[in-house]
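Please read the structure below before turning to the comments.
As a basis for the values below, the full set of heavy atoms in this structure was taken, side chains included, without hydrogen atoms, waters or symmetry mates. Numbers here simply count residues along the sequence, with the first being 1.
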Amino acid sequence: MISVNNVTMQYKASTRPALRDLSLDVDKGDFAFLIGPSGSGKSTFFRLLLKEDKPTSGDVYVGDFHVNKLPSRKVPKLRQSIGCVFQDFRLLQQKSVAENVAFALEVIGKPRNTVAKVVPEVLDYVGLSGKADRMPYELSGGEMQRVAIARAIANRPLLLLADEPTGNLDPDTSREIVEVLDRVNRRGTTVVMATHDRQIVDSMRRRVLEFSNGRLTRDDAHGVYGLGG
Ligand code: ADP
Ligand code: ADP
């Protein structure tokens with residue numbers, strides 16, 4: 001699903017590379033935690049997958065996309081096949097729960113009847129059936145993150161990237177959110193989750209990729225948080 005080969009990323013404004021000769025593969029259906037201290041290159045890795053930045057050297061593949069060679073007219077197709085979830089939820093504040101999810105489908109041209117069918121399905125899937133007409137400010141943090149996940153999976157992406165999705169949530173709510181991501185993964189979506197949450201990583205025992213100074217310093221199939229982060 002993801003193949004990154006000898007990737008170096010040197011930002012023009014920076015004196016040291018954000019990623020150094022990074023090579024890693026994530027298979028279809030994997031669930032991987034991405035850990036490492038601030039500045040270790042986690043966000044840069046996500047940005048390269050989305051073609052929000054271009055590597056200085058090396059190759060990036062996502063599904064059938066050769067990302068670093070992808071012509072700009074195909075970048076929207078790439079981004080449509082990657083769902084994204086963030087620490088700060090990024091909901092549209094003037095739209096209801098259902099409208100937030102619907103909007104994500106409308107902007108990529110899904111017909112009205114598809115939107116009408118999929119929105120209640122995905123809200124049910126993330127446990128928000130009763131909240132379709134609520135506004136974001138009426139929701140708890142955990143509910144907001146469920147909306148964000150519903151929006152990210154509505155188009156059945158191949159890959160879901162979650163950048164510290166539990167960073168603003170208490171431990172119990174964090175656990176519930178990771179259970180939702182786990183469920184999405186078990187239905188076939190590849191998930192990569194950047195996190196500083198030791199408890200979550202230790203309880204899940206899934207793949208752990210650890211970055212340090214732009215390098216992959218650990219890759220454990222059923223890892224724990226360990227000393228890193
Ligand atoms: P993380 O997500 O693990 O905190 P980042 O990928 O954000 O790490 O950052 C990796 C390194 O790249 C850091 O040294 C950071 O300062 C640098 N960096 C990130 N974005 C930029 C940018 N747009 N311009 C210059 N340097 C950047
Ligand atoms: P069921 O098999 O329970 O009837 P569906 O397969 O119809 O459920 O899925 C319901 C909706 O949830 C789908 O329309 C889809 O958008 C969304 N969905 C469910 N699982 C995933 C997943 N793993 N990745 C992306 N979207 C999903």
Within one Ile-Leu-Val-Met-Phe-Trp-Tyr cluster: Val191 and Ile82, side-chain cutoff 4.5 Å
no
In Å, rounded to the nearest 0.5 Å, how long is the span from CE of Met135 to CG of Leu92?
9.5 Å
Got a second to check how far Leu78's CG is from Ser72's OG, nearest 0.5 Å?
12.0 Å
Can you see which heavy atom on Leu48 is nearest to which on Pro55, and at what distance?
CD2-N, 3.7 Å
Do the side chain of Asp30 and the main chain of Thr190 share a donor and acceptor less than 3.5 angstrom apart?
no
If I compare all heavy atoms of Asn185 with all of Gly29, which pair ends up nearest, and what's the gap?
ND2-O, 3.0 Å
Less than 4.0 angstrom from a charged side-chain N to a carboxylate O is my criterion; do Arg218 and Glu210 meet it?
yes
Looking at Arg146 and Glu176, is there a salt bridge between them, counting it only when a charged N and a carboxylate O are closer than 4.0 Å?
yes
Hey, does Leu105 have a side-chain heavy atom less than 4.5 Å from the side chain of Val119?
yes
Below 30° counts as parallel, above 60° as perpendicular, anything between as tilted: where do the rings of Tyr61 and His66 land?
parallel
Donor-acceptor side-chain pairing of Asp124 and Ser129 below 3.5 angstrom:
yes
Could you walk me through whether Leu22 and Thr8 satisfy the side chain to side chain contact (heavy atoms under 4.5 Å, CB included) test, starting with their C-alpha distance in whole Å, then the side-chain angles of each, then the deciding distance to 0.1 Å, before giving a yes or no?
CA-CA 6 Å; Leu22 179 73; Thr8 293; over 6 Å; no
I'd like to know whether Ser3 forms a side-chain hydrogen bond (donor to acceptor under 3.5 Å, both in side chains) with Asp25, so could you lay out the CA-CA distance, the side-chain angles of the two residues, the decisive distance to 0.1 Å, and finally the verdict.
CA-CA 4 Å; Ser3 186; Asp25 291 321; 2.6 Å; yes
Rounded to the nearest 0.5 Å, the OG1 atom of Thr173 sits from the CG atom of Asn168 at a distance of 11.5 Å
CG of Leu128 to CE of Met144: how many Å apart, nearest 0.5 Å?
11.5 Å
Kindly indicate whether the side chain of Arg183, heavy atoms from C-beta on, has any atom under 4.5 Å from the side chain of Val180.
yes
Donor-acceptor pair, Ser140 side chain versus Glu143 backbone, under 3.5 Å?
yes
I would like to know whether Thr56 and Tyr11 meet side-chain hydrogen bond (donor to acceptor under 3.5 Å, both in side chains); could you show each step before the answer?
CA-CA 8 Å; Thr56 312; Tyr11 289 106; over 6 Å; no
Indicate yes or no: does Lys110 engage Glu106 in a salt bridge with an N to O separation below 4.0 Å.
no
Would Val62 and Leu160 show up in the same hydrophobic cluster when neighbours are defined by side-chain heavy atoms closer than 4.5 Å?
no
Below 4.0 angstrom, N of the basic side chain to O of the carboxylate: do Arg207 and Asp219 qualify?
yes
Show your working on side chain to side chain contact (heavy atoms under 4.5 Å, CB included) between Phe31 and Met204 and close with a plain yes or no.
CA-CA 10 Å; Phe31 189 121; Met204 296 282 288; 4.3 Å; yes
Is any side-chain heavy atom of His196 less than 4.5 Å from a side-chain heavy atom of Tyr225?
yes
Residues Lys95 and Glu99: closest non-hydrogen pair is CA-OE1, 3.4 Å
Give the C-alpha distance, both sets of side-chain angles, the deciding distance and a yes or no for side chain to side chain contact (heavy atoms under 4.5 Å, CB included) between Leu159 and Lys28.
CA-CA 8 Å; Leu159 174 63; Lys28 187 169 175 3; over 6 Å; no
Heavy-atom nearest pair, Gln93 first then Pro136, reads OE1-CB, 3.5 Å
One should read off an interatomic distance between Ser174 OG and Ile200 CD1, to the nearest 0.5 angstrom, of 5.5 Å
Do Ile108 and Asn155 have side chains that get closer than 4.5 Å, going by heavy atoms?
yes
Mark yes or no for whether Arg20, through its side chain, and Asn6, through its backbone, hold a donor-acceptor pair below 3.5 Å.
no
Considering only heavy atoms from C-beta outward, does the side chain of Leu24 approach that of Phe211 to under 4.5 Å?
yes
Minimum side-chain heavy-atom gap His222-Arg206 below 4.5 Å
no
Side-chain touch Ser203/Arg175, heavy atoms, less than 4.5 angstrom
yes
Start with the C-alpha distance between Ile35 and Asp197, add both sets of side-chain angles, then the distance that settles side chain to side chain contact (heavy atoms under 4.5 Å, CB included), and finish with yes or no.
CA-CA 9 Å; Ile35 70 170; Asp197 195 325; over 6 Å; no
Give the cluster check for Val201 versus Phe45: same hydrophobic cluster or not, with ILVMFWY residues linked at side-chain heavy-atom distances below 4.5 Å.
no
Any chance CZ of Phe103 has more than 12 other-residue heavy atoms, nucleotides or ligands included, within less than 6.0 Å?
no
Are there over 12 heavy-atom neighbours, none belonging to Gln199, within less than 6.0 Å of that residue's CD?
no
Under 4.5 Å between side-chain heavy atoms, counting indirect links through other Ile/Leu/Val/Met/Phe/Trp/Tyr residues: same cluster for Val97 and Tyr125 or not?
yes
SB check Lys42 Asp163 (cutoff 4.0 Å)
no
Once rounded to the nearest 0.5 Å, what's the spacing between atom CE of Met9 and atom CZ of Arg47?
7.5 Å
Report the residue from Leu161, Val67, Val26 that forms a side chain to side chain contact (heavy atoms under 4.5 Å, CB included) with Leu49.
Leu161
Which is it for Asp59 and Asn68 under the side-chain hydrogen bond (donor to acceptor under 3.5 Å, both in side chains) test, yes or no, and what are the steps along the way?
CA-CA 6 Å; Asp59 283 297; Asn68 54 296; 3.0 Å; yes
With a 4.5 Å cut-off on side-chain heavy-atom distances among I, L, V, M, F, W and Y, is there a chain of contacts connecting Leu139 to Phe86?
no
For the residue pair Arg79 and Val75, establish whether any side-chain heavy-atom pair is separated by less than 4.5 Å.
yes
